[in-house]
Number of protein chains: 4
Amino acid sequence: MGGRRLRPQGRRHQGRGREIASRTGRPPQHELPLRRRRQIIEAAYEVFTAQGYEATAISAVAARAGIGQGTVYRYFGSKREILDHVIDFGIEKVMASVQLPELLGTATSVAELTDAVRSAADRVYDLVEREPQLLRLLLVEAGAIDPELAQRLLGLEAITAALVAAELTRGVDAGWIRPDLDTGVLSHAIVMMVGPGLLRQLHGVSDPHERRRTTATLLHLLEKALRLPSVAS
Amino acid sequence: MGGRRLRPQGRRHQGRGREIASRTGRPPQHELPLRRRRQIIEAAYEVFTAQGYEATAISAVAARAGIGQGTVYRYFGSKREILDHVIDFGIEKVMASVQLPELLGTATSVAELTDAVRSAADRVYDLVEREPQLLRLLLVEAGAIDPELAQRLLGLEAITAALVAAELTRGVDAGWIRPDLDTGVLSHAIVMMVGPGLLRQLHGVSDPHERRRTTATLLHLLEKALRLPSVAS
Amino acid sequence: MGGRRLRPQGRRHQGRGREIASRTGRPPQHELPLRRRRQIIEAAYEVFTAQGYEATAISAVAARAGIGQGTVYRYFGSKREILDHVIDFGIEKVMASVQLPELLGTATSVAELTDAVRSAADRVYDLVEREPQLLRLLLVEAGAIDPELAQRLLGLEAITAALVAAELTRGVDAGWIRPDLDTGVLSHAIVMMVGPGLLRQLHGVSDPHERRRTTATLLHLLEKALRLPSVAS
Amino acid sequence: MGGRRLRPQGRRHQGRGREIASRTGRPPQHELPLRRRRQIIEAAYEVFTAQGYEATAISAVAARAGIGQGTVYRYFGSKREILDHVIDFGIEKVMASVQLPELLGTATSVAELTDAVRSAADRVYDLVEREPQLLRLLLVEAGAIDPELAQRLLGLEAITAALVAAELTRGVDAGWIRPDLDTGVLSHAIVMMVGPGLLRQLHGVSDPHERRRTTATLLHLLEKALRLPSVAS
DNA sequence: AATGAATGAGCTTTCATTCAT
DNA sequence: CATGAATGAAAGCTCATTCAT
């Protein structure tokens, strides 16, 4: 009953592991574990982003969380497992910032759609401007440590692209996007539009003006690409 | 007499002092240092790409090169210095594969230009298909370890974009590219066109068909963007 | 609550951060840190004196103390820092053995003063007879490693000489030491009187008879030097 | 013929080893070995005094001597063996500087004897002023590395004291030194008179004025101690 | 449940010594 | 003989993980 020994699973990364506390209806110590885990993840997020994963000692995570080192190991099986969750935490931050679903689904014209894309791009840029290390954590640390973590980022891109593709399809169906387009490819291209800007940000070059120019230019191209062929032809 | 002595920066080697009494003895190997360095760099390239820089011990590099640990330090001052050269080695691989200069400078129409871009993209894809870890090394490891290394990569992108921008300008001047374009932004966008494909490759998804479709679609957009407005409209 | 926490300078321990959630768990051992430090210092004293500082590995200190290497670094930041404390430990041994303050301040004649000096010399000799390596540690190791440590020893000699000088001045003021003496120089000379004996001891020659003869002879000279000129002459 | 393989003696210090090239009457390569050895010893003296024995790599000795590392091992069996000879070299320097035999044997009065002692002391001080590291090498490095080396220094002191003792005895015999003295003890005390000054110098405190005052005071005491009892008594 | 003391494997780096040339 | 390339043992130090309390 209620087995939650996390340790004996061995010492190397084994899948994910959110199997805790999901059997409803037992009030007592049910929430502490989750709160503790959250507490540790947030502390780890802070120190990992500040100094990098490898350079961060568990003791630093524990100190930041205001708990003992041993306690960390009651809630996570290994340092690596914490990184798993920190990456998730970071991805959630991105999702929460961009709020893509809120932006999509309402456009009724190419112009409205490009506006939505612009908004999304702006939000991404705002986020990485506010938390420059987040980008590094997601793009670099995650990928450097483990391919599996990288997969999760790919998943983020894929989901985003899928949402965009749906929007494109909706526009095609509604008749305000020209139909002879490969929406799948295009959706990925749209998502990757932020690539150059992020790459620059990642490497410490932060030039909002340049970024806006890039976004504007690419959106202009996008607009022309999506728009219905002019009536004349 | 005869400037040989190509040994590394040799932080520890202190001068030589007097040059007396060096008439005899095993003559310094002129080529050995370079060959050894190459040998170590290639070994390091293999283990760094396989396990990541941080996770790789110098002993692993030495073992891979078939030499003793101490020997590694005869040719490089530190593990970090080896990474420097490994990154350079990787960049050279990319440059050698893509052979961008050979592709550019000859186009006389938008179609020829897009063909050149397609060729470059294909070569990049071929390379990362052959050496999947190279990408990881350059994009991830380099950035993770040191900002200076990251700058070098950013520089690579910048140089490439500059070459492309020059080509675009040439086309504009020659009259076969429409003049109302931001060639700077566009050149970066063109370079980043390989982004989605590389991202997939980076994460282990290798789908040549998908890739070709992506390339084709984006090049199609590019073509439309560059082409002069048709006289009729 | 209540200021406990006497841990070392703890270069690596980063604050604590928040003090929440520390109600339970194994309470911090108040005495342990001090006992452990003492334990390590004593072990280090033994191995440093036996083999020399440079020739001693931290692992030897740890083994001698019956603890793990890592534990040593919980209590001291570096090998060098341990030497600091070992030297202090040695100096304390000397001070505790000689008990100079107890010998001085009571003499009321040259004879009593020379008796006090003889007692001090005897105690020094007794100590180095009991712990021959102590001398080596203080005179040789300390000076060899770091000028700062050497200063500490020089300070020890200076303090001792100052105490003796005060005693001489007291004798001059009281009229039982002839006034035309350079008490500063003489006090150093008195302290250095043990020099020949220590030098022998340091080099493994231990001849109590010879030593007593030396002490007696030098004290005899001292007595003549200090004594008031006989009224007759 | 003429076996001079120095290597196979093992790898740890084995006695001294000057068994080379002492079979007279063979002109050819007879001198090179000695010159080479001298060359190496002098180079080692320079780097050992400059940086300390432990901190000096054999490669530094070789570089300083302008020869290859391997060559060093053709003339000496180990680093430790080189130190042996460097210490001897240092002792020779001291002996050559002080030229004690030249100072002694001529005094015909206490005043002349104390003058000779003062001269000797001055020469010692001059030497350590000129080569401050020599002192450190002899007193500290030698003692720290190996007790056997320290013995050699003790020998130096013993020889010097013996010379002084002979002089004292001569004075006693000649009737200008009072006969009721322990010449053995006194000779050591005289030699140790330079102790305080050397100790200061060793620790970086160089105060010629203070030193002269000390010497003067002690010599004054010595003079009174040696002088015949005044006629009156 | 929580703690922090303890550990040892493992890291990078140095260097005395050997030996093929 | 002379050389310098090669080596591997060993050093100081770090830190993820365990476990007695």
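In the text below, chain A, chain B and the rest are named by the order of the sequence lines, each starting its count at 1.
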C:K79 to C:Y53, cation-pi by 6.0 Å centre distance and 45° axis angle
yes
Is there a side-chain contact between D:V72 and D:I82 (heavy atoms, below 4.5 Å)?
yes
Counting heavy atoms from C-beta on, name the nucleotide in F:dA6, F:dG12, E:dA6 closest to the side chain of B:Y75.
F:dA6
Length of the CZ-C1' vector between B:R80 and E:dT13, whole Å
17 Å
Taking the side chain of C:I58 as its heavy atoms from C-beta onward, which of F:dG12, E:dT17, E:dC11 lies nearest to it?
F:dG12
Atom pair distance, as rounded to whole Å: CZ in B:R35 and C1' in F:dA6
14 Å
So, is D:R74 near the phosphate of F:dC1, with a side-chain N or O under 4.0 Å from OP1 or OP2?
no
Nucleotide E:dA1, atom C1' - distance to CZ of A:R37 in whole Å:
16 Å
By salt bridge (charged side-chain N to carboxylate O under 4.0 Å, His left out), B:R38 pairs with (sequence neighbours left out) B:E42
If a pair satisfies salt bridge (charged side-chain N to carboxylate O under 4.0 Å, His left out) and one of its residues is in residues 59-72 of chain C, list it, with sequence neighbours excluded.
C:E46-C:R64
Could you tell me which residues satisfy side chain to side chain contact (heavy atoms under 4.5 Å, CB included) with C:T71, sequence neighbours excluded, listed by chain and number?
C:R36, C:I67, C:Y75
Assign each of A:A55 and C:K79 the nucleotide of DNA chain F bearing its closest heavy atom; nearer the 5' end lies the nucleotide of C:K79
Within this structure, what is the CD-to-C1' distance between A:Q39 and E:dT3, rounded to whole angstrom?
14 Å
Sorted by number, residues from residues 62-71 of chain B placing a heavy atom under 4.0 Å from DNA chain E are B:Q69, B:G70
Would you say C:R36 places a side-chain N or O within less than 4.0 Å of OP1 or OP2 belonging to E:dA6?
yes
Can you tell me how far apart OG (D:S78) and CG (D:L83) are? Round to the nearest 0.5 Å.
9.5 Å
Among the nucleotides E:dT17, E:dA2, F:dC1, whichever has the atom closest to the side chain of D:Y73 is E:dT17
Nearest-Å distance, CG (B:L34) to C1' (F:dA5)?
15 Å
Write down the distance between CD (D:Q51) and P (E:dT14), rounded to a whole number of angstrom.
14 Å
Who pairs with C:Q69 by side chain to side chain donor-acceptor pair (under 3.5 Å), at least two apart in sequence or on another chain?
none
Atom-to-atom span, CD of D:E81 to P of E:dA16 - whole angstrom:
15 Å
Could you provide the dot-bracket string of DNA chain F, using ( ) for intrastrand pairs, [ ] for crossing pairs and | for bases paired to another strand, with Watson-Crick or G-U pairs below 3.5 Å?
.||||||||||||||||||||
Mind checking side chain to side chain contact (heavy atoms under 4.5 Å, CB included) for C:T49 and listing every partner two or more places apart, or none if nothing turns up?
C:Y45, C:Q133, C:L137
Could you give the distance from CZ (A:F76) to CD1 (A:I58), rounded to the nearest 0.5 Å?
9.5 Å
Would you kindly give the CZ-to-P distance between B:F76 and E:dT14, to the nearest whole Å?
15 Å
